[in-house]
Structures are given as C-alpha cells and as structure tokens.
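Residue numbers start at 1 and run along the sequence shown. Please read these numbers as outputs of a predicted model, since none were measured by experiment.
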Amino acid sequence: MKFKRTDHWTDKANQLGLLFFAQILDEALFDFTLETYKPKALNVRLLCVEVLQTIDNIKKGVIKKPNLKSIIEELLSNLNSDYAVKKILDTRFDRIIERIKNNENNLPELKATVAYLYHQLDQRKYLKSVQDCLTELIPQNREKENIYFLTKIYLTELINYGYFPGFIYHQVNTHFFNRTNSVSDVDPVSFFNRFDFSTKKFNVVFRVDKIFLEFQSISELLHFKIHESFNIEDISGPEKEFIDNKTENEVFLVYENLEATDGISARHNAEIPLERIANFFSFFHHKEKPTIQNKALVINTVDGFTILLDKPIKSIIKKEDIKPKEAVERVKSIFVNLDLPMDTLLRLSKAIDIHSIALETDEIENKLLNLWTAIETLIPKDAESDQDRIIQIIQGLMPFQCQLYLNNLIKQVFNDWYFFNTRNAAAILETVITTEPEQRINKILALFTTKENDPIRQNVYSQLNDFPLLRFRIYTINKHFGNGKSIKKLLNDHIQRVEWQIRRIYRVRNLIVHAGQMPTYSNILVENLHNYYDNMVNFIIDNTKDSNFKTIKEGIISCDIDLKCLMHNIESIGDNEINLANYKLIS
C-alpha cells in the first residue's frame, strides 16, 4: 500500500470513512499489491453461478460430483460473513442456509435453492445492496471490518460486470487522489455514479505486421479493417506519434464500433481475436509469428476522446519482483550451492522451463495450463497412493503457502508503515521493548503483537490520521495475533481459502481441457497459481543446502514439518495473549 497525499480533501475530520474506502480501492487495484489484499475472485453471487454451472457440468460428465463439496463449503462461509446478503435476505437468510445444507447431496433441490438465492442477487440487486451498505457505514466511519469486506465485494462486482481493473483504478485516482480537484464528499455516492454500466462504442487501432494485408479479403468476416494509412484530426502527443511512426513493414488494423463498458476493456477484447489469428498463422508458418505492437489507439465514437493505451500487465507477472542484479546472484547461487541428484535437478529444471513458457504466452488459458503442468512436474503422481490426484497436489503445495504466511503479513504491514514515514518508523523501532537484543524482524513482530508494546503501538496509531487503512491494518494484525487461539484461526482460515482456490484452479484446468470453457475470473486464478508455484520453488532452492534434503518430496516433507512445528507452537500458547515471553514462537 502506498500513501497518496490528501491535501485537497476539504473536511478530513468528517471524511475518514470515505478516505478509508478510497485507500482500500487504491491498494486492491494496484497491480503489485500483496495477493491477500487484492479483489476476491468470487463473492456470494458469483459462487451461486459456480455452483449452478458445476451441477450442470456434473450432469454432462465433465466434472465429478465430489468437486461440488468445496464450492458449497465456500458459499456457506461467504454467506455467513456477508453483511449485504443478510440485508437482502433478512428473515429468509437462515432458511436458505438450512436448505443448502440439507440438500447438498440432492442435486435437483440444491440447484433450485441456489438458483432462488441467485435470483435475489442478480440484475445488480446485490451490487445495489453493497452500495447502500457502504453509503450507510462510510459517513459514520464505523464497522471498519464491514466497510473493508464490502469494498472488496464491490470491486469484484464491478470487474465481473465488465469494467477492467485498470479503468477502475484510473477512476479511483481521478476521483479521490487528483490534487487539482478538491474532495468534499463524505459518502461514496458520487464515486458510484462514475459507473453507469452502459456499453459504449469504441474504435481500436493497432499497428501490425504487413502480412495482415493478406487477410484483407476476409476482413469483414473477421470484423476488422486494414489501412496502410490512417488519419485522425486534432490529436497530438503520443497519440499522433503512434500514427506518424508507422514503419514500412506495418499497417493499421482497425476494429470499429466495439461495445464495451470502458476503453481498456475495448482494447483488451479486440486483442484476443487478433492474437488468435496470429497463432493460427504461426501454426502453419512455424518460423515467425506476425507482430502486433503493444500500444493501441482507442477512440470513443461518441465524444471522440482518443487515448493511446499500452498492453495491460499480464496477470502472471502482477507480483513483486527482485532486481536484475539480485536475480543474477540467485542464479549463481543455484549453480554453486544446489546439491541435488541429477533426476531431481532435471525435474526442477523442467518445471522452470514450463514456467518460462507460461510467462511468455499471452493467452490466459495457456498460462494456467502451463503453470499447472509445472506444478504437476514438481509433484508427480504417486501411483501407489489411493488418494485422488487433487488431494496429492493440495498436500504437496499447501505447506509452502502457509509456512511463511504469518511472517509475510507482519513484513508487509511494516513495509507499508516504513515507506509511509521512514525516519519516524526507524526511530520508533529503536524504542520497541524486547527481553534481549533482537533482529529487526523480531522487533517488528514484538511491536505489532505484544501487550508490553501497546503504548508504542498507540503512538503509531496517533500518527496515522491521514492513513486510516494502514491504521486499520496494524489494528487488525494486533487483533488476529491477540492469542494463540486467534492466530490458529487466522492460519487455518488461510489454509481453507488456499485449498478452495487450488480445487477451483483444478476444476478450471479440467474445463479448459475437456470442455473448452474458461470463467471470467481466470486472471485472478493465474495470479494465485503463479504465487503457489513460486512459493514452492523458492523454498526448495533456498533451503536444500541447509535442510539437507535431496528430492522434491523431501523438500515437501521438510516444509510440512516446519509448518507442523509452527502450528504446535501456536497451539501451545492457547488462550494466553501474545507477550514478550511467547511472541517468538509464532515467527
């Protein structure tokens, strides 16, 4: 999370709830935000859709019936924590929960019940309830956990109704953080009004390889036009340079009157069939693939607004990266220190090769399939086991997703605080109470979790009046790390969410392979799957020397033992609050 100046907010004392809302949006939509803080892939409405589609696919034989169980679990969990759904259903809420639980194995009744629930939420009724709840809670600056949850749900709804995340992010920054325009609202209504859900018409102009001229005879069938020259009046800057800098080996390829909710979506939607045409070409001509420039001109046909848009960042690389020099050192370290048998090295190398293919491809389904293949390469099928393949994958991946989860939460909130006010954070860290000299990470953990450091935490809170999201995050970390019981719940909840998501990715993988289907939220699944893969490979590379394991299976066992030890330490704390005597047990 990055702090953005709020000098242009006119009444901050009464706008803290709205500022909290704006900062949640800004953090969640930033491409390189920690996975935990990004928009949810699914909410209650979309989980209903997934249940109904899964039941249909079970009947068609595409998916096996046991796959439904985890979706029902997730739906029930989300229902019980959803403030907006409870408002809609009111007295019907408990009866619907009851019917779903009682009919888990009765597919016709289950389908009818979930369809009934869905129809209480469709046609943007759920979205309206979310907006109404936020409009009620934000001016009062209360029930921050509900505001946080509802804001993430709101984003999921916007994205699944067709708005591109990059467009929403632009609207957030224009509305709340453009310092040339004052912000005087205390509620989010004027921001909500920026999204009218109507489709607009756009022309999208690409510069492409001249070979596309050969498609001129069927361009009408392919819904585009090809021009060797293209003129637009009254443009300047990068947009004019895009037109003027066309090379002799390029032509303009134009999609006209594309319908979309925003220009970024129009550009994205236009590029998908264009990439497929290029792929078909390279199938028949293996030596090269026709080039498509990353930048494209997008023109709103109503008002003529023209903007040059770069290709959106691939979902697979939306994560924090290390610097090139550090990457070089990591590679050198692998060749010097990675003491593994040849068959293990070959398996690891093959998985990294497949990961590289996933990074290079543009098609989202190919990214998901390649990453899943890379993981299956690392976790080969145990022919002697009677467990389903997905269980083997979950058990192989899970330790790597959870062993450092608590530490990563602490590190992230400290980094956000440190970058907000580096000098002050460093000074406060020097005052943190510990029983003996400690490494930095343990001082950070002591600051945010132990009761002895509560006065210092209160001092931190007092300095975050302009940063309510960071104050909420530190408060929430302290609450979740309050005692052993609450930490165990935090970790178990994470384990459950990861299992649900791995199962979802596996279902989508099977749908792509066996039915050619791909859901709208696949981008988020690719981001998650990439993180799961990286967490596993990084642990194996970083720990093989010190932990003395020689196979990937031994690496899984090593990480699982570390996780079990962590869970044992947490359980040993029990109901006791975190203090200087026990806080290092959770690191």
Side-chain angles (χ1 to χ4, degrees), residues 282 286 314-317 319-404 498 502 505-506 508-510 512-513 525-563:
S282 61
H286 292 33
K314 295 179 182 179
S315 57
I316 200 169
I317 59 172
K319 56 181 295 176
E320 189 175 355
D321 219 347
I322 64 174
K323 295 179 179 179
K325 283 189 177 180
E326 187 179 347
V328 169
E329 293 304 315
R330 291 290 302 275
V331 172
K332 287 161 60 177
S333 175
I334 288 172
F335 284 102
V336 172
N337 298 320
L338 204 60
D339 182 22
L340 292 172
M342 184 56 66
D343 60 337
T344 301
L345 276 173
L346 288 174
R347 185 175 292 279
L348 185 60
S349 297
K350 179 56 67 178
I352 290 174
D353 289 344
I354 299 169
H355 168 267
S356 296
I357 296 170
L359 289 177
E360 291 169 5
T361 185
D362 287 320
E363 291 77 16
I364 195 70
E365 58 265 53
N366 288 338
K367 298 181 202 294
L368 190 145
L369 292 175
N370 280 308
L371 284 173
W372 188 266
T373 302
I375 286 171
E376 292 220 47
T377 303
L378 294 170
I379 310 172
K381 185 174 183 179
D382 185 350
E384 296 180 5
S385 172
D386 59 356
Q387 289 180 323
D388 288 343
R389 181 64 175 134
I390 184 58
I391 300 296
Q392 295 179 26
I393 296 290
I394 289 169
Q395 290 179 349
L397 278 178
M398 189 63 73
F400 305 101
Q401 317 317 316
C402 302
Q403 182 240 356
L404 291 176
V498 171
I502 294 173
I505 293 166
Y506 185 59
V508 170
R509 177 260 177 204
N510 289 341
I512 293 170
V513 171
L525 300 187
V526 168
E527 290 181 41
N528 294 156
L529 186 58
H530 190 202
N531 281 323
Y532 301 158
Y533 168 88
D534 279 5
N535 290 341
M536 181 177 186
V537 172
N538 282 327
F539 180 92
I540 291 168
I541 290 173
D542 293 343
N543 292 277
T544 180
K545 185 176 181 180
D546 294 338
S547 299
N548 294 314
F549 54 78
K550 296 297 181 183
T551 67
I552 293 171
K553 179 64 176 177
E554 288 179 23
I556 294 171
I557 292 170
S558 175
C559 190
D560 187 56
I561 289 172
D562 289 348
L563 178 60

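- At least one side-chain heavy atom of Ile502 sits less than 4.5 Å from a side-chain heavy atom of Val498.
- Atom NZ of residue Lys350 and atom CG of residue Leu345 lie 14.0 Å apart, to the nearest 0.5 angstrom.
- A pairwise comparison of heavy atoms in His530 and Leu359 identifies CE1-CD2, 4.1 Å as the closest pair.
- Of all the heavy atoms in Leu368 and Ile512, the pair that sits closest is CD2-CD1, 4.3 Å.
- The minimum heavy-atom distance linking Tyr532 with Leu397 is given by the pair O-CD2, 4.0 Å.
- Residues Gln392 and Gln387 come closest through the heavy atom pair NE2-O, 3.3 Å.
- For the pair Ile552 and Met536, the minimum side-chain heavy-atom distance is below 4.5 Å.
- In this structure, the separation between CD on Glu365 and CG on Asn370 is 10.5 Å, given to the nearest 0.5 Å.
- In this structure, the separation between CD1 on Ile391 and CD1 on Ile394 is 5.0 Å, given to the nearest 0.5 Å.
- Atom-to-atom distance recorded for Lys381:NZ and Ile393:CD1 is 10.5 Å, nearest 0.5 angstrom.
- Across Phe549 and Ser558, no two heavy atoms sit closer than the pair CD2-CB, 3.9 Å.
- Taking CG of Asn528 as the reference point, atom CG of Leu371 lies at 11.0 Å (rounded to 0.5 Å).
- The residue from Val513, Leu525, Leu369 that alone fulfils the side-chain contact (heavy atoms from CB on, under 4.5 Å) condition with Val508 is Leu525.
- Once rounded to the nearest 0.5 Å, the distance linking CZ of Arg509 with CG of Leu529 reads 11.5 Å.
- In Lys550, the NZ atom is crowded: over 12 heavy atoms of neighbouring residues, nucleotides or ligands sit closer than 6.0 Å.
- Of all heavy-atom pairs spanning Pro399 and Leu563, the tightest one is CA-CD2, 3.9 Å.
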Would you sort out whether Ile379 and Arg389 count as a side-chain contact (heavy atoms from CB on, under 4.5 Å), showing the intermediate values? CA-CA 10 Å; Ile379 310 172; Arg389 181 64 175 134; 4.3 Å; yes

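- Looking at Phe539 and Asp562, their side chains come closer than 4.5 Å, going by heavy atoms from C-beta outward.
- With hydrogens and angles disregarded, no donor-acceptor distance shorter than 3.5 Å links the side chain of Asn366 to the backbone of Asp362.
- The backbone N or O of Ile556 lies less than 3.5 Å from no partner atom in the side chain of Asp560, so there is not a single donor-acceptor pair.
- Below 30°, between 30° and 60°, or above 60°: for His355 and Tyr533 the angle between ring planes is below 30°, a parallel geometry.
- Looking at heavy atoms from C-beta onward, Asp353 lies out of side-chain contact with Ile357 at the 4.5 angstrom threshold.
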